[in-house]
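Just so we're clear, the structure is a prediction, and the values are computed from it rather than from any experiment.
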Amino acid sequence: MNAARLDAILVAGLGGAAVLQLVSEHASPVVWLVAAAVIAPLGVRRRFPIAACLAVLAADVGMWALGWHLVGDAAAGLAVYSGARYARWPKSLAALAAAQLWVGAVLLAGNVDDWTDVLGAAPVMAGIWWLGVMVHRNRHQTALLRALADRLRHEQAANARRAVVEERARIARELHDTVSHHLTAIAVQAHASRLSVAEEPEWAAGGLEHIARSAGAALDDMRLMLDLLRPDENDAQAPTLADLDGLFADARRAGLRLETETGPPPADLSGAVQTSVYRVVQESLTNVIKHAGAVAVRIRLAYGAEEVVVTVENDPGTPAGGPAGAVPGAGAGLAGMRARVAAFGGRLTAGPGPSGGFLVSAVIPVRGGEAHP
């Protein structure tokens, strides 16, 4: 079940409970309007968590001022939780402050039977807020671990393929030396046999037999060498632009809010360029998850006649998704992206973006040669 449908069910459930309460107690039209103002903002609690929290708490104070205790203040508690769960640090502190102000405002609004019950809500609201912060942090760390695990699997697979290729190349070099030895022996024996065929035909016949054996061995070694150098059908295929949808789906599951503008690529765009575009986007999204958390990310691919322009920009975020501090990084990802783009004669820039987040921009020539993906 997606988030929007879940929120719709939640709002409908709270709204239904509120309707039953208001109908049973013959509420006035003003009370109905204020009750709607309490429930409705919860529909956008994920997208605008702090604004929704403030709106719900303010409207709930209005309900208390009118002498109503709407649905046990469940909407107020959910609003505080949402502000802590979906707002990044330190903005989520606004939800905690608003919750404590809500307690004071309810006391000042009057219509309180037992003020100690209201004061007791202060630590309860703080606990709800802390629960939201912990869930936010745990979800972010889970997404980070998932992204790092995926990256580790890819690197391990790449290392394994590289080891296989290197071993094949080593064996091929050894076979090359062996084949060269056989061919040298064939050339020497053929020359000697040509000189002796008239005077020593039996020796020349033995030489020809040796040539035949050496030629057969050389052919066998040559076939083996060609088999080693032939690509393995089981080798993993390099990713292309067609694989971006799967990458975007993984990023959304990790908590990123993606806005993509990709468009159809040119039909003649080389596989090496497509792989490089994919890797730039993949590394950029990994860095966003690692350093900024679950934030909005804008991805744009622009295809020109001479180059492909890739831009990935994210909103400002909080490292580790909360007060725990930054996730350390060695910068190897950016270095790898720069090297990949430079292999095509392109350029890559990375730094603060106009929105306050981080911006990666790569320009990859489409005719700049076939770099290895």
Inspect the contact between D315 and R88 and indicate whether a charged nitrogen and a carboxylate oxygen are less than 4.0 angstrom apart.
no
What is the minimum heavy-atom distance between [X] and [Y], and which atoms define it?
{"X": "D60", "Y": "A76", "result": "OD2-CB, 4.1 Å"}
{"X": "S92", "Y": "A84", "result": "CB-CA, 3.9 Å"}
{"X": "V34", "Y": "G62", "result": "CG1-C, 4.1 Å"}
{"X": "A105", "Y": "V61", "result": "CB-CG2, 3.7 Å"}
{"X": "G263", "Y": "Y303", "result": "O-CE1, 3.7 Å"}
{"X": "H140", "Y": "A292", "result": "CE1-C, 4.5 Å"}

Hydrophobic clustering (ILVMFWY, side-chain heavy atoms < 4.5 Å, transitive) - are [Y] and [X] grouped together?
{"X": "V19", "Y": "L33", "result": "no"}
{"X": "L119", "Y": "I128", "result": "yes"}
{"X": "L258", "Y": "I289", "result": "yes"}
{"X": "L22", "Y": "V38", "result": "yes"}
{"X": "L20", "Y": "V23", "result": "no"}

Stepwise, does the side-chain contact (heavy atoms from CB on, under 4.5 Å) test hold for E25 with W68?
CA-CA 10 Å; E25 300 182 19; W68 286 79; 3.2 Å; yes
For E313, the option from S284, S361, S355 that meets side-chain hydrogen bond (donor to acceptor under 3.5 Å, both in side chains):
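Output: one option passes, namely S355.
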Let me have the donor-acceptor pairs involving side chains of residues 41-56, under 3.5 Å, with sequence neighbours excluded, atom names and distances please.
unit_1, atom_1, unit_2, atom_2, d
R45, NE, D7, OD1, 3.0
R45, NH1, S82, OG, 2.9
R45, NH2, D7, OD1, 3.1
R46, NE, D7, OD1, 3.2
R46, NE, D7, OD2, 2.9
R46, NH1, Y86, OH, 2.7
R46, NH2, D7, OD1, 3.4

Is it the case that the side chain of Q274 and the backbone of L241 share a donor-acceptor pair, with hydrogens and angles ignored and the cut-off at 3.5 Å?
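Yes: the side chain of Q274 pairs with the backbone of L241.
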Between D250 and L247, is there a donor-acceptor pair closer than 3.5 Å when you use the side chain of the first and the backbone of the second?
no
Just so I know, are the side chains of [X] and [Y] near enough to count as touching, which here means a heavy-atom distance under 4.5 Å?
{"X": "R340", "Y": "R279", "result": "yes"}
{"X": "F248", "Y": "V281", "result": "yes"}
{"X": "L301", "Y": "L244", "result": "yes"}
{"X": "L269", "Y": "V308", "result": "yes"}
{"X": "Q282", "Y": "H154", "result": "yes"}
{"X": "T240", "Y": "D243", "result": "yes"}
{"X": "Y81", "Y": "V135", "result": "yes"}

Distance, nearest 0.5 Å, that separates [atom1] of [X] from [atom2] of [Y]:
{"X": "L148", "Y": "Q141", "atom1": "CG", "atom2": "CD", "result": "11.5 Å"}
{"X": "R5", "Y": "L10", "atom1": "CZ", "atom2": "CG", "result": "15.0 Å"}
{"X": "L144", "Y": "R137", "atom1": "CG", "atom2": "CZ", "result": "13.0 Å"}
{"X": "E306", "Y": "I364", "atom1": "CD", "atom2": "CD1", "result": "14.5 Å"}
{"X": "W64", "Y": "L107", "atom1": "CH2", "atom2": "CG", "result": "8.5 Å"}
{"X": "L14", "Y": "I39", "atom1": "CG", "atom2": "CD1", "result": "5.0 Å"}

Take V31 and M63 through the test side-chain contact (heavy atoms from CB on, under 4.5 Å) and record every step on the way to the result.
CA-CA 7 Å; V31 173; M63 290 297 294; 3.8 Å; yes
Testing N287, N314, V288, V295 for side-chain contact (heavy atoms from CB on, under 4.5 Å) with F358, which one passes?
N314
Is there a side-chain contact (heavy atoms from CB on, under 4.5 Å) between R85 and R139? Walk through the geometry before answering.
CA-CA 9 Å; R85 166 67 180 88; R139 292 291 178 86; 3.2 Å; yes
Using side-chain contact (heavy atoms from CB on, under 4.5 Å), reason through V80 and L57 one step at a time and then give a plain yes or no.
CA-CA 8 Å; V80 172; L57 294 180; 4.1 Å; yes
Under a 3.5 Å cutoff, is there a donor and acceptor pairing between the side chains of W102 and D73?
no
